J.: 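What follows is a structure written as structure tokens; I'll ask about it next.
A note on names: the letters A, B, ... follow the listed sequences, proteins ahead of strands, and every chain is numbered from 1. For clarity, every value in this text was computed on a predicted model and none was experimentally measured. All values below were derived from every heavy atom in this structure, side-chain atoms included, with hydrogens, water molecules and symmetry-related copies excluded.
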There are 2 protein chains.
Amino acid sequence: MSEARRHLDQAEALCRERGVRLTPQRRTVLRLICEAERPLSAYEILDRMHQGARRPAPPTVYRALDFLLQQGLIHKIESLHAFVGCKHPQHPHTGQFLVCTDCGRVNEIHGRPLEDGLQQAARQAGFHTRKPVVELLGTCAHCHGRDC
Amino acid sequence: MSEARRHLDQAEALCRERGVRLTPQRRTVLRLICEAERPLSAYEILDRMHQGARRPAPPTVYRALDFLLQQGLIHKIESLHAFVGCKHPQHPHTGQFLVCTDCGRVNEIHGRPLEDGLQQAARQAGFHTRKPVVELLGTCAHCHGRDC
DNA sequence: TCATAGTTGTTACATTATAACATTTCATCC
DNA sequence: GGATGAAATGTTATAATGTAACAACTATGA
Ligand SMILES: [Zn+2]
Ligand SMILES: [Zn+2]
Ligand SMILES: [Zn+2]
Ligand SMILES: [Zn+2]
């Protein structure tokens with residue numbers, strides 16, 4: 001079974017459990033994101049949604065993206081204005097990402113949501129973290145030394 | 001001496017050392033950013049630049065921002081599309097920020113550029129970090145408990 | 001069936017950012 | 001001082017990203 005297919009089936013099951021509706025539109029957006037090898041922007045998704053039919057208007061895709069974000073099925077990469085599938089959506093979480101600026105691929109790191117040093121600094125400042133944005137931009141193993 | 005004024009003087013000195021030109025336009029943009037209590041978007045800066053005269057076109061401010069970013073005099077908060085002054089521009093660095101989503105204020109954390117756990121995960125994946133984006137969104141000490 | 005909430009369609013617009021090329025200003029050399 | 005090239009700025013147009021507002025449709029249960 002393909003990686004993308006596994007994600008979709010898992011999403012289907014999660015939404016059923018939670019009593020929310022993974023409608024065909026939302027499923028299509030999730031599928032396009034999961035099939036892509038790199039993060040897709042909202043407008044790239046729009047371009048891939050209309051197979052023959054006319055291209056939907058932006059709110060269509062933004063609404064589907066909002067739903068998928070709320071359900072923790074995708075993450076937004078802020079520094080790219082683009083979206084990636086979450087590989088472990090069972091327990092919604094904020095992501096930490098390695099973003100390759102050469103090939104565009106993104107790798108989600110798992111582990112404690114924030115490393116202690118950072119979290120401590122925040123606490124000491126009396127700060128209450130709600131949504132950490134952690135995106136390490138650089139080059140991935142495949143792209144080292146390549147002149148791409 | 002005001003905080004903003006101190007930043008400007010320091011920027012002036014740094015640019016002289018480095019042989020780059022902190023022109024009046026660039027200085028104005030830096031001043032507006034330093035005087036603000038919260039990050040300013042490029043267009044907010046534009047709005048504040050024209051004192052009586054006509055408002056400059058976007059490239060004007062984006063070019064100044066590019067220069068100030070290159071010189072490490074300001075940082076961009078990716079998740080806000082906005083810019084803040086750097087309080088320690090002597091040694092250019094990437095920032096780590098506590099971003100209050102209530103009052104809008106931003107607090108730059110200093111310390112090791114990345115905590116060990118995170119950095120190790122990246123290295124293990126063969127990833128070479130060039131620009132970390134670390135922005136903790138939440139509520140600051142002042143805003144806790146307030147219904148703002 | 002009917003009422004209701006949730007979802008989608010549609011139009012228009014707001015915000016953020018850049019490409020391309022003309023013009024001006026600045027520093028340097030003669 | 002005047003020529004010259006590099007840097008900075010002006011200007012127009014447009015690309016890319018994101019949202020407000022309201023109408024229409026659809027699923028669902030009383
Ligand atoms: Zn995830
Ligand atoms: Zn790569
Ligand atoms: Zn800084
Ligand atoms: Zn606050």
J.: Any non-hydrogen side-chain atom of A:Arg5 less than 4.5 Å from a side-chain atom of A:His7?
T.: no

J.: Is the shortest side-chain heavy-atom distance between B:Leu136 and A:Phe127 below 4.5 Å?
T.: yes

J.: Please state whether the phosphate of C:dT10, meaning OP1 or OP2, lies under 4.0 angstrom from any side-chain nitrogen or oxygen of A:Thr60.
T.: no

J.: Expressed in angstrom and rounded to an integer, what is the separation of A:Met49 atom CE from C:dG9 atom P?
T.: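 Distance check: A:Met49 CE to C:dG9 P gives 8 Å.
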
J.: Determine: side-chain N/O of B:Lys76 to OP1/OP2 of C:dA17, distance under 4.0 Å, yes or no.
T.: yes

J.: Please report, rounded to the nearest Å, how far the P atom of C:dT18 is from the CG atom of B:Asp66.
T.: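 B:Asp66 atom CG is separated from C:dT18 atom P by 7 Å.
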
J.: Return whichever of B:Pro58 or B:Val20 has its heavy-atom-nearest nucleotide of DNA chain D closer to the 5' end.
T.: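 Here B:Val20 is the residue nearer the 5' end.
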
J.: Should A:Arg26 be listed as having a side-chain N or O under 4.0 Å from OP1 or OP2 of C:dT8?
T.: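 So the side chain of A:Arg26 is within the cut-off, an N or O lying under 4.0 Å from OP1 or OP2 of C:dT8.
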
J.: Identify, between B:Glu44 and B:Arg21, the residue whose nearest nucleotide on DNA chain C lies closer to the 5' end.
T.: B:Glu44

J.: On the side chain of B:Tyr62, is there an atom forming a donor-acceptor pair with the base of C:dA19 - under 3.5 Å, no angle test?
T.: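 Absent.
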
J.: Pairing donors with acceptors under 3.5 angstrom, does anything connect the side chains of A:His128 and B:His144?
T.: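 Side-chain D/A pair, A:His128 to B:His144: absent.
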
J.: Going 5' to 3' along DNA chain D, which nucleotides are the first and last within contact of chain A (any atom under 4.0 Å from a heavy atom)?
T.: D:dT17 to D:dA27

J.: Do A:Thr94 and A:Val134 have side chains that approach each other closer than 4.5 Å (heavy atoms only, starting at C-beta)?
T.: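 No; the side chains remain at least 4.5 Å from each other.
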
J.: Report the nucleotide, chosen from C:dA19, C:dG9, C:dT11, that has the shortest atom-to-atom distance to any side-chain atom of A:Pro59.
T.: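 Nearest to the side-chain atoms of A:Pro59, counting from C-beta on, is C:dT11.
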
J.: Whole-Å distance between C:dT15 P and B:Leu40 CG?
T.: 15 Å

J.: Between C:dT8 atom C1' and A:Leu65 atom CG, what is the distance in whole Å?
T.: 15 Å

J.: For the pair made of CZ in A:Arg54 and C1' in C:dT11, what is the distance, rounded to whole Å?
T.: 10 Å

J.: Please state how far atom CG in B:Leu80 lies from atom P in C:dT16, giving the value in whole angstrom units.
T.: 10 Å

J.: So among A:Leu14, A:Leu68, A:Leu8, which one has a side chain to side chain contact (heavy atoms under 4.5 Å, CB included) with A:Leu22?
T.: A:Leu68

J.: To the nearest Å, how far apart are B:Leu46 CG and C:dA17 C1'?
T.: 11 Å

J.: What donor-acceptor contacts under 3.5 angstrom involve side-chain atoms of residues 73-81 of chain A, with partners at least two apart or in another chain?
T.:
| residue | atom | partner | partner atom | Å |
| --- | --- | --- | --- | --- |
| A:His75 | NE2 | A:His93 | NE2 | 3.3 |
| A:His75 | NE2 | A:Glu108 | OE2 | 3.1 |
| A:Glu78 | OE2 | A:Lys131 | NZ | 3.1 |
| A:Ser79 | OG | A:Glu135 | OE1 | 2.5 |

J.: In whole Å, I'd like the distance from the CZ atom of B:Arg55 to the C1' atom of C:dT16.
T.: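 So the CZ-C1' distance, B:Arg55 to C:dT16, works out to 11 Å.
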
J.: Under 3.5 Å, is there a donor on one side chain and an acceptor on the other for B:Thr101 and A:Arg130?
T.: yes

